[in-house]
Amino acid sequence: MHIDMDCFFVSVGLRKHPDLRGQPVAITHARSGVIAADPSKQAIRDQEFALYEERLPGGSSSRISDIKQKSDGLASMSEIASCSYEARQYGIKNGMFLGQAVKLCPNLKTLPYDFEGYKEVSTILYKTVASYTLDIEAVSCDEMYVDVKDILRDTGLTVEQWGFHIRKEIMDITGCPCSTGFGANRLQARLATKKAKPAGQYYLKPEDVALYMAEIPLGELPGVGRATVTKLTRLGFNTCGELLEGGSVKVLQAELGLKLGERIWEQAQGIDSKSLDFNHERKSVSTEVNYGIRFKTKEECYTFLESMSKEVFTRLSEINMRAKGLTLKLLIRAEGAPVETAKFLGHGVCDSITKSSTSNIIYSKAEIIFKEVKGIYDKLNIPFAELRGIGIQLTKLEKISEMNKALNDFLKRGTTKQVKKASYDSKCDNNIVINKAAGQTQGKKDPNGNIKNINTKTLQSFWKTSSDDCSQWKHNQNEHLRNGIAIDVFNELPPTIRSEIMKEYHIDVRSVTNISAASKTVKPPSTLEKIERPNTPFVEQSWENIKESVKSWIKTENQPSEVDVDILADYLRNLALNRQIEILFTCCKFFYRKFSILNCKWHKVYITLIDAVQQGMLTNYGKMLYIDQATFSCCKNK
DNA sequence: ATCCTCCCCTAC
DNA sequence: TAAGGTAGGGGAGGAT
């Protein structure tokens, strides 16, 4: 399943402006499409346009025609970030300048950005889908791929029923519509979503793929943009059908390169072998400012580089990583480009330069980043007044795990030289110890296949969150990481270091061992061992059996009986008492999935069960398990 | 032969 | 007034 919010920014904006529903609406910074007449702007726009055209021969990008069309000097150059479907009927498109859009539709209404709103809706979107499955690949704040194979199998729903259900749930909770596409691979699902929009769904069935693909314009294939379309058009191909008819892999590869050529050839047939990536790891962190760069002094320039260094380092620290590579990117006013740009404080026509640092530095502090950035900039010998854009990118990232951090801090304090000596080998400095441990973490990543912390990562990639409602959720996910994964690393450490750390941090030896044992023995549901504590009728049963019992219970009983609920609640409480957190998590997800689609009486069963879980959790851990499920609209009182 | 750097292209 | 930024894939050609 591919799922995508419909004109996301507009939909979020309309929540606070319901009066504008059904009208042509656009999200922009500017409020009006008309600006004060300024004859001097005219010459600048003409000059810039000529230069753009010279640099992009034949490439009639919408932006250039925008500048041309608005050469009356009265039109706003504020960009449209997102526009409603009503606005699209007038020919308005995302990325278009407001001035031109207003000419197409004088009645166009504008709304300002609402970044808090995007964050909120995005978080709900991801949490909602994640309450059914964690097999999610995030694409952006409003778009993702989901493997729904298990959901369909477990619930018995058809593709259509499931699509309807999830879209309705998202609409109900967020007030924003989305569309979903289904297919045998990510390409088919994605193209299906295009047809589904707005506020719809479409299942591209295997038997329909060939006919469907033939009509698809090549530019609609993911990965095929402006430049590639130009090349393909020159070859005489406009649609996938035409390409398959008259082209070949060889021709494509000769024109577009080996990889892209092969990919387009396969895509044209509806083939896409790339699997979903549920556990994406960041490869770079960067920060870039290409607006409003007009330095008056060299000091100003250095100060800015310094603050950007701090910013990019903050972002690196937030995802708990460190970097070994750095690239500086500069936009420089092109020769012949006007010093004052057509767009107020825009970067205008520029040359772009990137320069990587080749030294073997670990960027573990903002000052180190700044020093390197300044060094590269000075060497490039570019006048500060010519700068129009600056970017710093950190690459060659490495994960710093929680336990490694603790270990690092601990070793840095230098409590005992012996501890250092006892580490892996005499040549190791602190950093190398950390490295080895990190490698182990990654190698053992997610051994159970049960709990993937995709959602933490997903959200962290898009929103820096610290104080909002999902911070607790993230916190708990991290806690799981410590219990389930980092403990593995801990156990690999030499005994001397282990005992030192435990003393230092007052870690209860027994609890560490228990948690570790639990996390190691838990296997996927199909092969779960028997539950230990002989306390309930379920005690000798595997999770798989219990799951089946619950399914038939739901099917056969019109009403849940109190006795049954009590038995189930006991079982869950004992899972918590036995520190079987991973099974618990699976249980809770399963129950939510089952009970949420039933009536309110069953919702109450769910709530009772979760209460039992939390009782057990509080008894054993003094903390509650963070179970993030949407509340049931029919029983809002809870 | 393979790696690295710079750059282009693309998505959203 | 007006306000992209962030990330990834991959190719060309030099460096190793």
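Numbered from 1 within each chain, the chains take letters A, B, ... in sequence-line order. Here the structure is a predicted model, which is why all the values come from computation and not from measurement.
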| task | Residues of residues 364-372 of chain A with any non-hydrogen atom less than 4.0 angstrom from an atom of DNA chain C: list those, numerically ordered, please. | result | none
| query | To the side chain of A:Glu79, which of C:dT1, C:dA7, C:dG4 is closest? | reply | C:dG4
| task | Identify which nucleotide among C:dA7, C:dT6, C:dG8 has an atom closest to any side-chain atom of A:Arg282, counting heavy atoms from C-beta outward. | result | C:dA7
| How about A:Ile390 and A:Phe295: do any of their side-chain heavy atoms sit closer than 4.5 Å? | yes
| said: With a 4.0 Å limit, can you tell me whether A:His280 has a side-chain N or O closer than that to the phosphate oxygens OP1/OP2 of C:dG8? | reply: yes
| said: Check the phosphate of C:dG8 against A:Ser284, side-chain N and O only, distance under 4.0 Å to OP1 or OP2. Yes or no? | reply: yes
| query | Is the phosphate of B:dC6, meaning OP1 or OP2, less than 4.0 Å from a side-chain N or O of A:Lys355? | reply | yes
| said: Just to be sure I understand the rule, does A:Glu143 reach a base, reach only the sugar-phosphate, or reach nothing, if contact means heavy atoms closer than 4.0 Å? | reply: sugar-phosphate
| query | Ion pair present between A:Glu311 and A:Arg315, side-chain N to carboxylate O less than 4.0 angstrom? | reply | yes
| query | For A:Arg186 and B:dA11, is the shortest distance between a side-chain N/O and OP1 or OP2 below 4.0 Å? | reply | no
| Any side-chain N or O of A:Thr354 under 4.0 Å from OP1/OP2 of B:dC6? | no
| said: I need the CZ-P distance between A:Arg263 and C:dG11, as an integer number of Å. | reply: 10 Å
| said: Between A:Glu300 and A:Arg294 (salt bridge meaning N to carboxylate O under 4.0 Å), is one present in this structure? | reply: no
| query | From C:dG5, B:dC6, C:dA7, pick the nucleotide closest to the side chain of A:Ser356? | reply | B:dC6
| If you find the nucleotide of DNA chain C closest to A:Leu256 and the one closest to A:Ser286, which residue's nucleotide is nearer the 5' end? | A:Ser286
| task | State, yes or no, whether a side-chain contact exists between A:Cys83 and A:Arg88 at a heavy-atom distance under 4.5 Å. | result | yes
| query | Taking the side chain of A:Ser140 as its heavy atoms from C-beta onward, which of B:dC12, C:dG11, B:dT5 lies nearest to it? | reply | B:dC12
| message | Starting the side chain at C-beta, find the nucleotide from B:dC12, C:dT6, B:dC9 nearest to A:Thr228. | response | B:dC9
| request: Determine to 10° how strongly the helix from B:dA1-C:dT16 to B:dC12-C:dG5 is bent, judged from the axes of its five-pair ends. | output: 10°
| query | Contact class for A:Thr28 vs. all strands (heavy atom < 4.0 Å): base, sugar-phosphate, or nothing? | reply | nothing
| said: Check the orientation of A:Tyr118 and A:Phe9. Use parallel for under 30°, tilted for 30 to 60°, and perpendicular for over 60°. | reply: parallel
| message | Can you tell me if A:Thr287 touches the phosphate of C:dG5, counting only side-chain N or O atoms and a distance under 4.0 Å to OP1 or OP2? | response | no
| Residue-phosphate contact under 4.0 Å: A:Ser76 side-chain N/O, C:dA2 OP1/OP2 | yes
| Ionic contact status for A:Lys274 with A:Glu137, cut-off 4.0 Å | no
| task | With the side chain of A:Lys283 defined as its heavy atoms from C-beta on, choose the nearest nucleotide among C:dA2, C:dT6, C:dG9. | result | C:dG9
| Looking across every strand, which nucleic acid part, if any, lies under 4.0 Å from A:Gly292 by heavy atom: base, sugar-phosphate, or nothing? | nothing
| query | Does A:Glu281 come within less than 4.0 Å of A:Lys399, counting only side-chain N to carboxylate O? | reply | no
